[in-house]
Amino acid sequence: MKTTAIAPKERILLIDGLRGFALLGILIAHITYWFNAGPTPNDIFQKYTNDIGFQIAGAFEGIFVSGKFYTFFSFLFGLSFALQMESKSFTIGRFVWRLFILGLIGLAHSLHWRGDILSIYFVVGLVMILFRNASDKVLIIASLLLILNLPIRIRDGYRVFYPTPPPTAQQQKQNEQKNKSYWDTVKKGNYRELLMANVPAIVDKFDFQFDSGRIYITLGYFLLGLLAGRRKWFAKWEEHRLFFKKWLKISGFATLGIIAVAVPLGIFFGSGEPKPWFNLLMSALYDVHCMLLTIFYIVGMTLLLQKKSWQGALQNFSVIGKMALTSYLSQTLIGIILFYGVGFNLMGEVNPWICLLMTIPVFVVQIIFSRWWLSNYTYGPVEWLWRSLTYLRWQPLKRRDLVAEF
């Protein structure tokens, strides 16, 4: 009888690579505007209004990043759920408990940063469980309707004919004062004041999720990921290569078509006070644009990361993806240190185009750290804690602790 080290459970490297790429997009979305998930006072952007770098950074983030990577990440969460269901140790009770722990981590994260998505995943994940035995047809229809934000489009369509009163001047003033108060807390407050300011924002976050429809869109991508996992689009991706190429063309050309439609509409009808029907139409086009570009990123990166010339990129993205939860939370830690008053207080002081460039060194540091950590440990630190709490026993962490008897 002897003992020998064993490798952790085999993972699909491609999915880890996609997860790492999604986290790069999330980092860009958050760092460009100083990791400020709260409202920004109107006067903050005024000093950058005529700056060409600011305009380019804003256009890049708005067209290619905003609304495209939280969707990418959500798709991968649904895909992971499908893969977990194939495990012999999977039970609904354990998955719910796992979600509950993720929700607690998200709650702690929300106290530090208002843009947390983990607490949203807890709620949406519970709903996703109800679809675990749904037919493929149901998943396709439900995911499409949710991704296109149908509940909000119906509401907005109703408001075209029965508009709600706009906020009064007094309400606008109160909102601006509230925004300024939070901004001052982030810039000048201590750690305790930051935590206390974020407590009521937890409710505000869910209000925003439902009012904007993001929570419905997230569920839609969960279900699409569940479908992808069930059909093994990534586990057996070679068999679906033509499928990926087909959707790369469809999503790419359709995205260009949406832009070709939206730009003239904006030029001819977007000046002055936009009509309610125009806002409804442009919002719907934006949702379609985000869906198409998300699909383009998913299928495009899948094809690229399988090329021999992209194996280095795959390895770098995958080390981030293997530690996705740790990487996501550490991005917030870095953002707070760089931009908040408890750190270097760069929020509002650095032009967003410079912040956009800062994405590169920050992500490189994350890759270096992840490579070092995974060379010594089996799981990321937060992943290890999450896994240990899930099974209610400490899991092996150091690689030399992984032994099996034969």
Side-chain angles (χ1 to χ4, degrees), residues 8-23 68-99 102 117-118 120-147 216-248 251 291 294-303 305-306 314 317-318 320-325 328 383 386-387 390:
K9 184 179 179 180
E10 184 180 356
R11 301 174 63 103
I12 301 176
L13 189 64
L14 171 61
I15 296 177
D16 285 327
L18 292 173
R19 196 175 284 117
F21 176 72
L23 282 166
K68 288 83 178 177
F69 282 95
Y70 84 89
T71 53
F72 196 146
F73 203 59
S74 299
F75 169 83
L76 294 171
F77 191 92
L79 176 60
S80 297
F81 175 66
L83 297 177
Q84 290 175 47
M85 286 198 299
E86 297 178 355
S87 172
K88 294 180 180 179
S89 63
F90 175 84
T91 64
I92 293 299
R94 178 171 290 166
F95 185 77
V96 171
W97 173 241
R98 181 176 171 85
L99 276 178
L102 183 67
I117 193 64
L118 303 179
I120 304 298
Y121 277 16
F122 164 64
V123 175
V124 178
L126 293 176
V127 179
M128 177 180 62
I129 293 173
L130 302 177
F131 288 85
R132 68 188 183 279
N133 295 321
S135 67
D136 288 358
K137 183 177 181 180
V138 169
L139 290 179
I140 291 172
I141 295 174
S143 62
L144 181 62
L145 294 179
L146 290 167
I147 287 170
Y216 308 121
I217 296 173
T218 299
L219 176 58
Y221 280 100
F222 273 25
L223 299 182
L224 186 61
L226 176 58
L227 176 70
R230 179 186 293 178
R231 293 192 171 183
K232 300 188 183 302
W233 289 344
F234 297 90
K236 297 181 179 180
W237 90 274
E238 281 285 359
E239 299 177 7
H240 301 93
R241 182 188 292 268
L242 294 179
F243 171 82
F244 281 98
K245 288 184 176 180
K246 173 185 175 182
W247 276 99
L248 181 69
S251 59
M291 177 189 70
T294 299
I295 294 173
F296 183 82
Y297 288 153
I298 292 171
V299 297
M301 287 306 298
T302 297
L303 292 169
L305 291 178
Q306 295 303 322
L314 174 61
F317 283 133
S318 66
I320 297 290
K322 289 175 183 176
M323 296 173 48
L325 184 55
Y328 172 70
E383 285 77 8
W386 189 18
R387 186 178 181 86
T390 297

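The CG atom of Asn133 sits 10.0 Å away from the CG atom of Leu139 when rounded to the nearest 0.5 Å. Distance check, rounded to the nearest 0.5 Å: CD1 of Ile92 to CE of Met85 gives 7.5 Å. Rounding to the nearest 0.5 Å places CG of Leu14 at 10.5 Å from CZ of Arg19. Note that CD1 of Ile117 and CG of Leu102 are 10.5 Å apart. Values are rounded to the nearest 0.5 Å. Rounded to the nearest 0.5 Å, atoms CG (Leu226) and CG (Leu83) are 10.0 Å apart.
For the pair Gly220 and Ser143, the tightest heavy-atom approach, listed with the atom from each and the gap, is O-CB, 3.3 Å. Considering every non-hydrogen atom in both Gly17 and Leu305, the closest pair reads C-CD1, 4.0 Å. A pairwise comparison of heavy atoms in Arg98 and Trp386 identifies O-NE1, 3.0 Å as the closest pair. In terms of heavy-atom proximity, Ala82 sits nearest to Gly225 at CB-O, 4.5 Å.
Side chains of Phe75 and Leu224 form a contact here, defined as non-hydrogen atoms less than 4.5 Å apart. Within the 4.5 Å cutoff, the side chain of Ile147 has no heavy atoms near those of the Thr294 side chain. Residues Met291 and Leu144 form a side-chain contact, since some pair of their non-hydrogen atoms from C-beta on lies under 4.5 Å apart. Contact of the Leu23 side chain with the Phe317 side chain is not registered, since no non-hydrogen atoms from C-beta on lie closer than 4.5 Å. Counting heavy atoms from C-beta outward, Ile129 and Arg132 have side chains that approach closer than 4.5 Å. Considering only heavy atoms from C-beta on, Leu18 stays 4.5 Å or farther from Leu79 through its side chain. No side-chain heavy atom of Thr302 sits under 4.5 Å from any side-chain heavy atom of Leu248. Side-chain contact between Leu223 and Met128: present, with at least one pair of heavy atoms (C-beta onward) separated by less than 4.5 Å.
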Q: Check the pair Leu145 / Tyr216 against side-chain contact (heavy atoms from CB on, under 4.5 Å), numbers first and verdict last.
A: CA-CA 9 Å; Leu145 294 179; Tyr216 308 121; over 6 Å; no
**Q.** Asp16/Met323 under side-chain contact (heavy atoms from CB on, under 4.5 Å): CA gap, chis, key distance, verdict
**A.** CA-CA 9 Å; Asp16 285 327; Met323 296 173 48; over 6 Å; no
Q) Tyr328 and Leu118: side-chain contact (heavy atoms from CB on, under 4.5 Å), yes or no, with the steps? A) CA-CA 10 Å; Tyr328 172 70; Leu118 303 179; 3.8 Å; yes
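By the 6.0 Å contact criterion, CH2 on Trp247 is open, its count of non-hydrogen atoms from other residues, nucleotides or ligands being 12 or less.
Remark: of the listed residues Ile298, Ile217, Thr218, Ile217 is the sole one forming a side chain to side chain contact (heavy atoms under 4.5 Å, CB included) with Thr71. Checking Tyr121, Phe222, Phe95 one by one against Phe81, the ring pair (Phe, Tyr, Trp, His ring centres under 6.0 Å) holds for a single residue, Phe95. Here the rule is salt bridge (charged side-chain N to carboxylate O under 4.0 Å, His left out) with Lys232, and of Glu238, Glu239, Glu86 only Glu86 fits it.
Taking the six-membered ring where the residue is Trp, Phe234 and Phe244 present perpendicular rings, their angle passing 60° and hence far from 30°. Relative ring orientation between Phe69 and Phe72 is described as parallel, the plane-to-plane angle staying below 30° on a 0-90° scale split at 30° and 60°.
With Gln84 contributing its side chain and Phe90 its backbone, the two residues share no donor-acceptor pair below 3.5 Å.
No side-chain donor from either of Tyr297 and Ser251 sits under 3.5 Å from a side-chain acceptor of the other.
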